[in-house]
Amino acid sequence: MKAVYSPLHSRHDGGMELHRGELVPCYEMPRRADYILAAIEAAGLETLPPRPFTLETVLKVHDAAFVTFLRTAFDQWKAIGKDGFMLPSGFAARSMRQDVIPPGINGKLGYYCYDAGTPIVEGTWDAVLASAHCALTAAALVADGERSAYALCRPPGHHAGASTYGGYCFLNNAAIAAQYLRDHGSARVVVLDVDYHHGNGTQDIFWSREDVMTVSVHGSPETEYPFFRGFADERGEGKGEGFCHNFPLPRGTGWDEYSATLDQALAVIRDYAPDAVVISLGVDTYENDPISAFTLGQQHYPLIGAKIATLGLPTVFVQEGGYAVADIGTNVANVLTGFEQAT
Ligand SMILES: NCCCCCC(=O)NO
Ligand SMILES: [Zn+2]
């Protein structure tokens with residue numbers, strides 16, 4: 001399996017995030033990618049840089065004004081004399097108008113962002129674009145005939161919606177990869193999200209579409225971020241009705257329940273009979289993850305890879321979460337080698 005990696009990820013070093021009422025150093029830190037890179041190279045994966053792409057595919061899943069905002073936000077911040085990390089001061093919440101985009105940068109931050117944990121810094125856009133290019137390159141490798149490929153995406157993407165960002169995510173790398181596959185030979189694609197957190201952004205993007213199914217196994221939003229999406233009754237709408245499947249699980253879920261639920265998710269995917277699958281690969285389901293609450297052990301990650309292999313589909317792995325930095329590389333590499341050994 002080839003892996004796609006860009007050192008530009010390090011341009012996004014977010015500073016601080018507001019997490020459970022405290023301003024703390026960002027959990028989504030550059031060292032995550034360093035540890036993953038070291039582990040996948042030690043596991044024998046060939047690593048290559050991303051190819052350059054236009055914004056064509058990105059703009060099929062994200063709103064153009066939103067992408068322009070991400071690209072220009074820090075310049076607007078500097079224009080008002082600021083140079084530190086950017087966090088919103090207010091949000092377009094339930095009772096607020098949703099039809100106005102404030103002209104000022106502080107208003108725009110609250111229009112597009114939905115949490116206080118996803119800072120933008122000067123190099124964020126460079127990293128975000130490179131991350132999307134990693135996902136596009138992995139998708140292109142699979143569209144061109146590779147059985148599988150892995151995109152070491154940082155920042156992650158599955159919380160980024162068509163015109164929203166949060167959860168450490170800015171552009172939705174998995175959705176961009178799925179769209180690329182749709183545009184290059186796959187009539188039906190599924191995004192299977194095994195990150196601890198619900199892939200609300202991916203669900204949002206494909207909510208009304210029947211050509212890309214979203215399936216997510218995650219910590220229940222009753223207690224876990226993103227709180228306001230990820231319930232089992234969310235099934236899609238319009239042409240997308242029935243092409244969205246959520247499998248929320250309680251805090252403390254261990255391998256037996258997780259494994260049985262993943263099998264249920266895989267069965268739904270088999271019924272859909274897709275031409276390819278994109279895996280939103282978060283490894284924050286790990287027992288030692290600092291912000292999550294499942295109890296999977298390191299020995300379970302090769303088994304997750306092997307289960308995904310039973311689909312027998314062209315597979316694009318896209319890195320999402322995982323914050324137990326010392327073990328993240330081993331856990332990611334073990335999913336990928338578990339997949340390869342079962343293929
Ligand atoms: N600061 C709130 C928690 C963000 C979750 C990020 C993540 O791992 N999503 O998959
Ligand atoms: Zn996560």
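Counting begins at 1 with the first residue of the sequence. In each ligand, atom 1 is the first atom listed, and ligand 1 is the first ligand listed.
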### Note, Pro119 side chain near Met16 side chain (heavy atom, < 4.5 Å)
no

#### Entry: Aromatic ring proximity Tyr272/Phe243, centre distance under 6.0 Å
yes

### Message
Under 2.8 Å from the Zn ion (ligand 2), is there any N, O or S atom belonging to His158?
### Response
no

#### Entry: Tyr286-His300 aromatic ring centre distance below 6.0 Å
no

### Message
the Zn ion (ligand 2) and Asp284: any N/O/S contact shorter than 2.8 Å?
### Response
yes

### Query
Any idea which N/O/S atom from His197 gets closest to the Zn ion (ligand 2)?
ND1

### Query
Do Asp195 and His218 have a side chain donor and acceptor closer than 3.5 Å?
no

### Cluster overlap Tyr323 with Leu281, hydrophobic side-chain contacts below 4.5 Å
no

### Query
Under a 4.0 Å N-O cut-off, is there an ion pair linking Lys78 with Asp83?
no

### Query
Under 3.5 Å, is there a donor-acceptor pair between the Gln319 and Tyr150 side chains?
yes

N/O pairs closer than 3.5 Å, ligand 1 and protein:
{"from": "ligand 1", "atom 1": "1 (N)", "to": "Glu17", "atom 2": "OE2", "distance (Å)": "3.4"}
{"from": "ligand 1", "atom 1": "1 (N)", "to": "His19", "atom 2": "ND1", "distance (Å)": "3.4"}
{"from": "ligand 1", "atom 1": "8 (O)", "to": "His197", "atom 2": "ND1", "distance (Å)": "3.1"}
{"from": "ligand 1", "atom 1": "8 (O)", "to": "Asp284", "atom 2": "OD2", "distance (Å)": "3.0"}
{"from": "ligand 1", "atom 1": "8 (O)", "to": "Tyr323", "atom 2": "OH", "distance (Å)": "2.5"}
{"from": "ligand 1", "atom 1": "9 (N)", "to": "His158", "atom 2": "NE2", "distance (Å)": "3.4"}
{"from": "ligand 1", "atom 1": "9 (N)", "to": "His159", "atom 2": "NE2", "distance (Å)": "2.6"}
{"from": "ligand 1", "atom 1": "9 (N)", "to": "His197", "atom 2": "ND1", "distance (Å)": "3.2"}
{"from": "ligand 1", "atom 1": "10 (O)", "to": "His158", "atom 2": "NE2", "distance (Å)": "2.6"}
{"from": "ligand 1", "atom 1": "10 (O)", "to": "His159", "atom 2": "NE2", "distance (Å)": "3.2"}
{"from": "ligand 1", "atom 1": "10 (O)", "to": "Asp195", "atom 2": "OD1", "distance (Å)": "2.7"}
{"from": "ligand 1", "atom 1": "10 (O)", "to": "Asp195", "atom 2": "OD2", "distance (Å)": "3.2"}
{"from": "ligand 1", "atom 1": "10 (O)", "to": "His197", "atom 2": "ND1", "distance (Å)": "3.2"}

### Task
Return the name of the atom in Asp195, of element N, O or S, nearest to the Zn ion (ligand 2).
OD1

### Query
Is a side-chain donor-acceptor pair under 3.5 Å present for Ser292 with Arg251?
no

